[in-house]
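Here the structure comes first, spelled out in structure tokens, and everything after it is commentary.
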Amino acid sequence: MEIERKYLIRQLPNHLNDYPHDEISQAYISTDPVIRIRKKNEDYILTIKSKGLLAREEIEMPISKESFLHLLEKKDGINIEKTRYKIPESRGYLIELDVFHGVYEGFIMAEIEFPDLETANRYQPPEWFGRDVTMDSRFHNSNLSRQTPEEITEFLKVITKN
């Protein structure tokens, strides 16, 4: 079970490049149900996710580069490109800070996973976090992958106002 909250980011932390990070390229074979393929650095991963916002089932399995490239031809929507920074949080959680590239250049979002729903619901984010968008499905990467160029432009205008 994946239990995570998502936040827009008000400002980037200092010394961002000092944190470990991964280069990620992902695409969706299906968005309902969610079937994602991902290249993370030199690893290739197939992920299946159940429905849900705060909590949902997630199954990941490694695949070969050849399988990734084969499935990439069958993607539904656009690729999502991002750098994911892994920032330790003072209470022992790991902040996964996604700095998007390509069509979503300028979009930044953080995710934090929790051991249970009670902990997730009690969590108070750091000052540099912006609005909590956990319950807004527009911020699922699977939904971001289905946007048209016009919708992406409008989306980026809306989130920069908030």
Side-chain angles (χ1 to χ4, degrees), residues 2-13 16-17 19 21-61 63 65-87 94-113 120 123 125-162:
E2 175 186 62
I3 301 169
E4 70 180 11
R5 290 181 64 183
K6 296 175 183 264
Y7 297 88
L8 298 180
I9 297 302
R10 192 172 289 140
Q11 71 182 63
L12 289 174
L16 187 60
N17 285 321
Y19 296 106
H21 57 277
D22 297 310
E23 297 301 325
I24 295 174
S25 177
Q26 63 191 40
Y28 292 82
I29 306 308
S30 171
T31 56
D32 189 16
V34 173
I35 302 172
R36 176 186 73 204
I37 55 171
R38 172 182 278 174
K39 179 181 187 287
K40 183 171 84 173
N41 301 322
E42 299 307 314
D43 295 325
Y44 300 90
I45 304 157
L46 173 71
T47 305
I48 300 169
K49 294 186 178 201
S50 68
K51 291 184 183 295
L53 295 171
L54 176 60
R56 58 189 181 160
E57 292 293 327
E58 179 180 83
I59 300 167
E60 289 190 336
M61 61 195 84
I63 59 174
K65 178 180 181 179
E66 293 74 24
S67 293
F68 175 84
L69 293 173
H70 176 75
L71 290 169
L72 190 58
E73 295 174 7
K74 297 163 180 17
K75 72 180 178 184
D76 182 19
I78 62 172
N79 286 12
I80 301 289
E81 309 288 338
K82 58 190 175 182
T83 302
R84 173 168 285 172
Y85 295 89
K86 299 171 192 166
I87 304 170
L94 181 66
I95 298 168
E96 294 180 329
L97 180 70
D98 289 343
V99 176
F100 288 74
H101 308 295
V103 296
Y104 283 106
E105 189 72 40
F107 178 45
I108 305 166
M109 186 169 60
E111 300 176 350
I112 302 177
E113 287 195 30
Y123 182 74
E127 288 293 316
W128 54 277
F129 277 30
R131 182 167 51 112
D132 183 336
V133 294
T134 303
M135 304 310 281
D136 188 338
S137 64
R138 292 179 302 167
F139 294 93
H140 279 209
N141 282 223
S142 58
N143 289 333
L144 295 174
S145 76
R146 296 188 343 216
Q147 301 287 332
T148 65
E150 295 78 23
E151 291 169 327
I152 292 167
T153 300
E154 189 58 34
F155 176 80
L156 291 172
K157 283 181 192 173
V158 168
I159 64 163
T160 54
K161 289 179 184 175
N162 295 324

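Numbers here simply count residues along the sequence, with the first being 1.
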Does Tyr19 form a side chain to side chain contact (heavy atoms under 4.5 Å, CB included) with Lys86? I'd like the steps, not just the answer. CA-CA 6 Å; Tyr19 296 106; Lys86 299 171 192 166; 5.9 Å; no
Asp43: partners by salt bridge (charged side-chain N to carboxylate O under 4.0 Å, His left out), with sequence neighbours left out: none
Who pairs with Glu127 by salt bridge (charged side-chain N to carboxylate O under 4.0 Å, His left out), at least two apart in sequence or on another chain? none
Quick one: side chain to side chain contact (heavy atoms under 4.5 Å, CB included) partners of Val103, sequence neighbours excluded? Ile78, Ile152
I'd like to check the salt bridge (charged side-chain N to carboxylate O under 4.0 Å, His left out) partners of Lys65; sequence neighbours left out, ordered by chain and number. none
Under the rule for ring pair (Phe, Tyr, Trp, His ring centres under 6.0 Å), what residues qualify as partners of Tyr44, not counting sequence neighbours? Phe68
Search all heavy atoms of Pro13 against all heavy atoms of Leu97 and return the closest pair with its distance. CD-CD2, 4.0 Å
Qualifying salt bridge (charged side-chain N to carboxylate O under 4.0 Å, His left out) pairs, either residue in residues 141-153, two or more places apart: none
Leu53: which residues meet the side chain to side chain contact (heavy atoms under 4.5 Å, CB included) condition with it, sequence neighbours left out? Met135, Ser137, His140
Evaluate Leu94 against Glu113 for side chain to side chain contact (heavy atoms under 4.5 Å, CB included), listing each step before the verdict. CA-CA 7 Å; Leu94 181 66; Glu113 287 195 30; over 6 Å; no
Any idea which heavy atoms bring Leu8 and Phe139 closest together, and the distance? CD2-CE2, 3.6 Å
Going by the rule side chain to side chain contact (heavy atoms under 4.5 Å, CB included), which residues pair with Tyr123 if we only count those two or more places apart in sequence or in a different chain? Arg5, Tyr7, Glu89, Arg91, Tyr93, Ile112, Phe114, Pro125, Pro126
Does anything in residues 23-38 form a salt bridge (charged side-chain N to carboxylate O under 4.0 Å, His left out)? List the pairs, not counting sequence neighbours. Asp32-Lys51, Arg36-Glu60
Return the CG to NE2 distance between Asn41 and His21, rounded to the nearest 0.5 Å. 8.0 Å
Would you check, one step at a time, whether the test side chain to side chain contact (heavy atoms under 4.5 Å, CB included) holds for Leu12 with Trp128? CA-CA 7 Å; Leu12 289 174; Trp128 54 277; 5.8 Å; no
Suppose we screen for salt bridge (charged side-chain N to carboxylate O under 4.0 Å, His left out). Which residues come up paired with Glu111, at least two apart in sequence or across chains? Lys6, Arg84
Could you tell me which residues satisfy side-chain hydrogen bond (donor to acceptor under 3.5 Å, both in side chains) with Glu57, sequence neighbours excluded, listed by chain and number? none
Can you name the nearest heavy-atom pair linking Thr134 to Glu4, along with the distance? CG2-O, 3.7 Å
Heavy-atom closest pair (Leu144 atom, Arg138 atom, distance to 0.1 Å) is CD2-O, 3.4 Å
Under the salt bridge (charged side-chain N to carboxylate O under 4.0 Å, His left out) rule, what pairs show up with a residue in residues 69-83, not counting sequence neighbours? Lys82-Asp98
Going through the checks in order, is the side chain to side chain contact (heavy atoms under 4.5 Å, CB included) test met by Ile9 and Val99? CA-CA 10 Å; Ile9 297 302; Val99 176; over 6 Å; no
Examine distances only and state if a side-chain atom of Asp22 and a backbone atom of Ile24 form a donor-acceptor pair shorter than 3.5 Å. no
About how many Å separate CD1 of Ile63 and NZ of Lys39, when rounded to the nearest 0.5 Å? 12.0 Å
